[in-house]
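As C-alpha cells, the structure follows; a few thoughts come after it.
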Amino acid sequence: MSLKRVILKIGSNSLASSNGGLSGVVLDRLAYTISAFREGGAECILVSSGSQAAGMSKLNLTRRPQDLIGRQALAAVGQGILIEKYSYFFAKYDQICAQILLSPTDLGAADHYRNAQNTINKLLKMGVVPIINENDTVVVDELCFGDNDRLSALVAGMLQGDLLIMLTDVDGLYTANPKKNAEAVHLPRVEDIAAVKDLADGQGSAVGTGGMITKLKAAEMAANMGVPSFVTSFGHIGDLVGILRDEWPRGTYFVSKEHKLTGRKRWLTYGALTYGQIFIDAGAKRALEQKGTSLLASGIVGLEGSWDRKEPVRIVGPDGEEVARGLAELSSREISEVIGLHTDEVLTHFPGLTGGEIVHCDNMTVF
C-alpha cells in the first residue's frame with residue numbers, strides 16, 4: 001500500500017501509566033514509530049489525547065471531575081506537560097514536534113478551516129511532526145468534538161490523508177465484545193460500516209472519552225471523505241511501519257468510499273458550524289435526494305435560526321431528519337419573505353439574485 005500521509009490517533013487509556021500520569025515507555029514507542037514512518041517516506045500527523053490524564057497525575061486525582069470547569073482545569077494543567085514529554089521523546093529520534101490545539105469553531109468557519117489546513121501542511125513541509133489535540137480549556141459541552149476519534153477523522157479528511165490509524169485497547173472490531181464473550185469473532189475487514197455499528201459495545205476508560213462506537217463513527221466519517229481507517233491495539237504499534245510494505249498487524253481495516261467529497265463539500269458536511277435550519281416538504285426532499293437539484297423556495301415550509309447570505313445551514317425533511325447541508329444564497333430574513341414562492345417570483349423579489357436558488361447544488365451536500 002502506497003502511503004504518503006498517515007494520521008495516527010492515540011487515546012488517554014493507551015498513554016496512561018499504571019501508576020497514573022503518562023507512560024514514558026508508550027511515548028517513546030510512539031515517537032520511534034512516527035520517526036520510522038517518516039524514514040519510510042510517509043508524513044505522519046499525531047492526534048493525541050492525554051492532557052487531562054497528565055493533569056490528573058499532577059494534581060494527584062484518581063478520577064476525572066464530572067463538571068466542565070474541572071475538566072478544563074485538568075487540561076490547562078496537563079497540556080503543557082503532555083507537549084513537553086512529546087518534545088523530549090521525539091528529540092531522541094531527531095524529530096521536532098509542534099502543538100496544535102483545535103476546537104470546532106476553528107474548523108467551523110471556512111477561513112479558519114483553510115488556515116488550520118495551510119498551517120499543518122506547512123509544518124509537514126518543514127519536517128515537523130504536528131501533534132493535534134482538542135482545545136479542552138476553552139470548549140463547551142454544547143460545542144466540542146466529544147472525543148479525539150472524531151477529531152482525527154476530520155483531520156484525516158482536511159489533510160487528505162492516505163490512512164487513519166486509531167490505536168485502542170483491543171485489536172480491532174469483533175462480532176461481540178471480546179472482553180465479555182469468548183466466542184467473539186474478529187473482523188479483519190469491513191466494507192459497510194453502517195452494517196456493523198451494532199457490534200460496538202461499551203464506553204471509554206476511566207481516563208478516556210471514546211469507545212469502539214466512536215471509532216466506528218470516525219471510520220465512517222473518514223470513509224465518506226475518501227480516507228480508509230485501521231483500528232488496532234497499541235500493543236501492535238511496533239508492527240505498524242510494516243503497513244508501508246503491505247504487512248498489516250492484527251486489526252480491522254475499514255474501506256473508504258470510492259467517490260470522496262470535494263474540499264468544500266467535505267467542510268460543509270463535517271466541519272462547518274451551521275446557523276439554522278430550513279424545513280422542506282416531501283417533494284423538495286425527493287428532488288434533492290434523487291435528482292441532485294438545488295433547493296428552491298417553492299419547497300420550503302419553514303425556518304429556524306438566523307443567518308446571513310452564504311452561511312451554512314441544515315436542510316431538514318418533513319420527518320425531522322437532516323437531508324442536506326449547504327450555503328444559503330439568502331439570509332434567514334430574506335428567505336422568510338419568499339417561502340413557497342416560485343423561482344420567477346423570488347427573482348422579482350430579489351432582482352440581484354442569480355438563478356433564484358435558495359441553496360445551490362454546487363454548495364450543498366446531500367446525505
Side-chain angles (χ1 to χ4, degrees), residues 102-114 139-147 150-151 153-154 157-158 194 197 214 217-218 220-225 257 259-341 343 346 350 353 355-367:
L102 295 175
S103 67
T105 53
D106 295 319
L107 301 183
D111 54 344
H112 289 201
Y113 181 92
R114 286 192 299 271
V139 296
V140 296
D141 278 341
E142 295 79 10
L143 194 62
C144 66
F145 294 115
D147 58 78
R150 180 169 180 262
L151 175 59
L154 285 169
M158 177 175 69
K197 279 185 177 179
T214 68
K217 290 178 179 178
E220 185 174 45
M221 184 185 298
N224 288 334
M225 293 185 283
K257 295 294 178 65
H259 302 289
K260 59 184 177 182
L261 296 169
T262 61
R264 172 176 287 198
K265 293 196 173 185
R266 183 187 305 128
W267 168 73
L268 275 172
T269 305
Y270 297 111
L273 294 176
T274 55
Y275 291 86
Q277 301 183 112
I278 297 177
F279 299 99
I280 61 175
D281 60 26
K285 179 183 178 183
R286 283 195 300 272
L288 296 184
E289 292 180 336
Q290 298 175 17
K291 300 179 182 179
T293 62
S294 299
L295 177 63
L296 306 179
S298 58
I300 298 175
V301 297
L303 306 174
E304 181 179 277
S306 176
W307 59 87
D308 295 325
R309 289 191 179 195
K310 295 296 185 180
E311 289 189 330
V313 295
R314 295 183 296 276
I315 301 171
V316 179
D319 56 359
E321 294 293 324
E322 186 174 0
V323 176
R325 292 187 184 187
L327 301 179
E329 297 296 324
L330 296 173
S331 69
S332 52
R333 180 187 58 78
E334 291 170 327
I335 296 174
S336 67
E337 299 173 7
V338 296
I339 289 177
L341 298 185
T343 301
V346 174
F350 298 105
L353 186 66
E357 300 92 351
I358 302 303
V359 181
H360 196 281
C361 60
D362 290 343
N363 293 324
M364 184 194 319
T365 300
V366 179
F367 301 134

- Item | Worked check of side chain to side chain contact (heavy atoms under 4.5 Å, CB included) between Ile315 and Arg325 | CA-CA 6 Å; Ile315 301 171; Arg325 292 187 184 187; over 6 Å; no
- Message: Could you walk me through whether Glu357 and Val346 satisfy the side chain to side chain contact (heavy atoms under 4.5 Å, CB included) test, starting with their C-alpha distance in whole Å, then the side-chain angles of each, then the deciding distance to 0.1 Å, before giving a yes or no?
- Response: CA-CA 9 Å; Glu357 300 92 351; Val346 174; over 6 Å; no
- Kindly indicate, with the supporting measurements, whether the criterion side chain to side chain contact (heavy atoms under 4.5 Å, CB included) is fulfilled by Val359 and Leu327. CA-CA 6 Å; Val359 181; Leu327 301 179; 5.8 Å; no
- Message: Quick one, Glu289 with Val366, criterion side chain to side chain contact (heavy atoms under 4.5 Å, CB included). Give me CA distance, side-chain angles, the key distance, then yes/no.
- Response: CA-CA 7 Å; Glu289 292 180 336; Val366 179; 4.2 Å; yes
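Side-chain contact between Pro312 and Trp267 is present, with at least one heavy-atom pair separated by less than 4.5 Å. Side-chain atoms of Val338 and Phe350, non-hydrogen and from C-beta on, do get closer than 4.5 Å to each other. Taking 4.5 Å as the limit, some side-chain heavy atom of Ile335 sits within range of a side-chain heavy atom of Ile278.
Taken from CZ in Phe279 to CD1 in Ile300, the straight-line distance is 11.5 Å, to the nearest 0.5 Å. To the nearest 0.5 Å, the span separating CG on Leu296 from CD1 on Ile280 amounts to 10.5 Å. To the nearest 0.5 angstrom, Glu329 atom CD is 11.0 Å from Glu334 atom CD. Note that CD of Glu322 is 7.5 Å distant from CD of Gln277, once rounded to the nearest 0.5 Å. Note: Ile339 CD1 to Ile358 CD1 = 9.0 Å, rounded to the nearest 0.5 Å. Going from atom CG of Leu273 over to atom NE2 of His112 covers 10.5 Å, rounded to the nearest 0.5 Å.
Between Glu304 and Arg314, none of the side-chain N atoms (NZ, or NE/NH1/NH2) sits under 4.0 Å from a carboxylate O, so this pair counts as no salt bridge.
The local environment of NZ in Lys285 is crowded, with over 12 non-hydrogen atoms from other residues, nucleotides or ligands closer than 6.0 Å.
Partner of Glu220 under the salt bridge (charged side-chain N to carboxylate O under 4.0 Å, His left out) criterion, chosen from Arg150, Lys257, Lys197: Lys197.
A side-chain donor-acceptor contact under 3.5 Å links Ser294 to the backbone of Cys361.
Taking every heavy atom of both residues into account, Trp307 and Leu330 meet most closely at NE1-O, 3.2 Å. When every heavy atom of Met225 is checked against every heavy atom of Gly157, the shortest pair comes out as SD-CA, 3.7 Å. In terms of heavy-atom proximity, Ala218 sits nearest to Ala153 at O-CB, 3.4 Å.
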